[in-house]
There are 4 protein chains.
Amino acid sequence: MSDPKNDNDTKRSKKREKIMQSALKVFSRKGYSPAALDEVAREASIAKGTLYLYFQDKEDLFSGTILYVMDKLAERMQKNISDTMDPIETMKTLAYEELDFFAKNSEFFGLIHTVMSGNLLGNHRSLLKTINERRFELIEYLKRLITEAKKTGQIKSDIETVDIVYAFIGMIESSIDQMHFIDGTCTAHDRSQSDIKMDIGRKVDTILCILLDGVRTDRRRN
Amino acid sequence: MSDPKNDNDTKRSKKREKIMQSALKVFSRKGYSPAALDEVAREASIAKGTLYLYFQDKEDLFSGTILYVMDKLAERMQKNISDTMDPIETMKTLAYEELDFFAKNSEFFGLIHTVMSGNLLGNHRSLLKTINERRFELIEYLKRLITEAKKTGQIKSDIETVDIVYAFIGMIESSIDQMHFIDGTCTAHDRSQSDIKMDIGRKVDTILCILLDGVRTDRRRN
Amino acid sequence: MSDPKNDNDTKRSKKREKIMQSALKVFSRKGYSPAALDEVAREASIAKGTLYLYFQDKEDLFSGTILYVMDKLAERMQKNISDTMDPIETMKTLAYEELDFFAKNSEFFGLIHTVMSGNLLGNHRSLLKTINERRFELIEYLKRLITEAKKTGQIKSDIETVDIVYAFIGMIESSIDQMHFIDGTCTAHDRSQSDIKMDIGRKVDTILCILLDGVRTDRRRN
Amino acid sequence: MSDPKNDNDTKRSKKREKIMQSALKVFSRKGYSPAALDEVAREASIAKGTLYLYFQDKEDLFSGTILYVMDKLAERMQKNISDTMDPIETMKTLAYEELDFFAKNSEFFGLIHTVMSGNLLGNHRSLLKTINERRFELIEYLKRLITEAKKTGQIKSDIETVDIVYAFIGMIESSIDQMHFIDGTCTAHDRSQSDIKMDIGRKVDTILCILLDGVRTDRRRN
DNA sequence: TATGAATGAGCTTTCATTCAT
DNA sequence: CATGAATGAAAGCTCATTCAT
């Protein structure tokens, strides 16, 4: 019953993944240029040459790794979101998933900055393009959510949709930064999982609370 | 009348600055590792060896350059802020200054990500420490502003001060991102200065508007 | 009736030959070092590892291939020459066969130079030795022909036999070069077979004409 | 009085030459691909990186070295030839210079075969083109000599000029081969200079003797 | 002080060879 | 016998750093 062709494909795929996980660690620790493929190979417990059986070159490994992680994030987001959800509930879920993802994949944090920093050689261009396309898609999706919320009267119409989107994204990313830089040191490794989960739930609530109602004292309530 | 000691010091200082400005350009274009000191020297119209008369090594040059630019930003912020100002007005000014600074020094944008990305060799640690100290100071300062605003009743007490601070910072940084990545391409070079200035003013207003009052439709007003 | 042992030997021999033909193509295109065994294997439609079942290593494959081709040339020469032939007629035949062979196996042309160039690792020595032995044999054979022709009075005695031999060989090799480098480009691929055959006949005639009678105007004839 | 600019240029030029001489040795011993720049550097008593201050890359070093040697040969030929010379005397001189050159620069012998073998990667093309141009020039020059000799009645008109040219070149190259491969081993190192010089003179005479009058017994003389 | 030629460690990449299947 | 994934030595090349001038 076993299909040897498929078996091989699976094995190859698993190994590719193993390599990308190792690459993720090394690229996260060192950034792109200073990361040595020697180290990636050692981390993956394979020979240096083997890398080249799975990836064309260093850049291909880098791109592959980035996209692999981003796919995992996108997948998780899509799994937890349905079209029937309330826009604001959807935003809450998105925020939660992203925060949770970065909490659990803190290695990925540095990589994002590496990508954003633009220290990308010529051929990285295609990666950058892909990343921007994804970012653009996310922004467009958020715009649609906000627009819908405006229609249903949940959100004010006198603030530009795009500004709301960027405010929302900024608040999420700031929370991720906060998680990673605590007391001036890069941590977030030494707390219990439940602590983090609670934290994230609270964080998301706070973000939406501020986004929706602001921080100004509500004088009218009195 | 002229003090030869001071003259020399001034000359040396000017040259250091020239080098850092050249370094800023190159590091911005290439990132840390791929930046070649050859290119910095060429840009500064000096010999490569001369760099080592002003900086200990590449990392020192990088740190120096980063801190030099951050000092310029801090200086500008301090110049435009006085202790007698209203907390919220102060926050507005801070936001404006930061956005304006990054608009005018767009090269610096990538560098910040480079620093954050952690492509930092051992000795970069001290730079990272300094940067985090500055960040910590800024955060503490913002905390004091928020606390004061809470005391004067301008800001609700039931949201944690630190959360407000991070929301604020996130929204500013997101705006900076937005300025630099427009339509998926890194631009912000091709608009008139007045356009940008207006934009920034509007941006800051929107950020504070959202932060203070939120985006939710105000049902109570009716 | 079939002898399984012999059948296997034949099969093995055929495969060896197939491999050498593929190797000939690749070595001709690339030379020794830059030729990749991957490519040889692909060309021969076998797995890379299989090469090592037929040849000890790359050098063995190279030597084997060279000698295989040289054997084919020697075989052809021997087939067309008999002991009863006139020495000069024999030389004509040798020249014709060699020119014809290189015209038909132009890939082999570069290989000869590769061998001569000495890009030969340690173990190539044995190949070089074999080739020199063959060359030596050819030279000795030609010496005998010339000596015989001297005896029969066809050739002057006052020119050293060995000098005549080298002159003859040089003229042949030069003609081969000429065939391969025409107008500064390496061609000899784009002419009809009959054109080439005629050419070769004429070439051989010219070579022997010059070798025998020289190019000087014959004043005595008048 | 000393011009520092010129001094530097001279120094640089001398070093370039030193490197090319070292490269000549290594490329001659190993051929192109197997030659390690490490070894060239060691031979020239410089660091590997220094090579790259004088040559763009390995191919540039190779091309430079080849052309450098060919220039030296061409220079010598031109110095010893004048327009007023008899065509046949000129050919004699050319032959002598070439044989003498290869006798004195026996390292260059292997290199020529390396170049001819065509194991030349993409960018070698420009070298190959240059070499073919030079070869073409030499051939054209010889054609003019032969044509002139035909006009003055020294050389028969019924043999094609180009065939005479190739016969002449082939005989010279064959003599060079003969010098380098004696008794199946590559030698020519272990004979006195005067022996060689005499040898070369005799060689050239023999070549021209054969080329002009052939080897056939002159029956008409009797 | 300023120079820039020289250095050599360290990187990416290739590929002949092996060996478990 | 045949396979081809895995290996790791070896090579070309870059560039931060030094130092004689």
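Labels below follow one simple rule: chain letters A, B, ... track the order of the sequence lines, proteins then strands, and each chain is numbered from 1.
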Taking only residues two or more places apart in sequence, or in another chain, which ones meet A:Lys129 in a salt bridge (charged side-chain N to carboxylate O under 4.0 Å, His left out)?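 With sequence neighbours excluded, A:Lys129 shows a salt bridge (charged side-chain N to carboxylate O under 4.0 Å, His left out) to A:Glu133, given in chain and number order.
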
Checking B:Lys58 against B:Tyr52: charged group under 6.0 Å from the ring centre and within 45 degrees of the axis? no

Just to verify, what does [X] make a side chain to side chain contact (heavy atoms under 4.5 Å, CB included) with, not counting sequence neighbours?
X: A:Asp71; answer: A:Arg134
X: B:Arg42; answer: B:Asp38, B:Glu39
X: D:Arg12; answer: D:Tyr54

Using a 4.0 Å heavy-atom cut-off, write out nucleotides 7-13 of chain F from 5' to 3' as B (base contacted by protein), S (sugar-phosphate only) or - (no contact). BB-B-SB

When all nucleic acid strands are considered with a 4.0 Å heavy-atom cut-off, which category describes B:Arg42: base, sugar-phosphate, or nothing? nothing

D:Tyr54 near the nucleic acid: base, sugar-phosphate alone, or nothing, with a heavy-atom cut-off under 4.0 Å?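 Sugar-phosphate contact only - D:Tyr54 comes under 4.0 Å of backbone atoms but never of a base.
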
Over its full length, what angle do the end axes of the helix from E:dA2-F:dT21 to E:dT21-F:dA2 make, each axis taken from five pairs and the result rounded to 10 degrees? 10°

Kindly indicate whether the side chain of D:Gln56, heavy atoms from C-beta on, has any atom under 4.5 Å from the side chain of D:Leu61.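 Sidechains of D:Leu61 and D:Gln56: no contact.
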
Check whether any side-chain heavy atom of A:Lys18 sits under 4.5 Å from a side-chain heavy atom of A:Lys14, and report yes or no.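 No, their side chains stay 4.5 Å or more apart.
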
Under the side chain to side chain donor-acceptor pair (under 3.5 Å) rule, collect the residues that match up with D:Glu17, sequence neighbours excluded.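 Testing D:Glu17 for side chain to side chain donor-acceptor pair (under 3.5 Å), a comparison that skips the adjacent residues, returns D:Tyr68.
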
Between which nucleotides of DNA chain E, read 5' to 3', does contact with chain C run, using atoms under 4.0 Å from its heavy atoms? E:dA16 to E:dT18

Contacts of C:Phe108 meeting ring pair (Phe, Tyr, Trp, His ring centres under 6.0 Å) (sequence neighbours excluded), chain-then-number -> C:Phe102

Rounded to whole Å, please give me the gap between CZ in C:Arg12 and C1' in F:dA2. 12 Å

Between D:Glu107 and D:Lys25, does any side-chain N to carboxylate O distance fall below 4.0 Å?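 No, no charged N to carboxylate O under 4.0 Å.
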
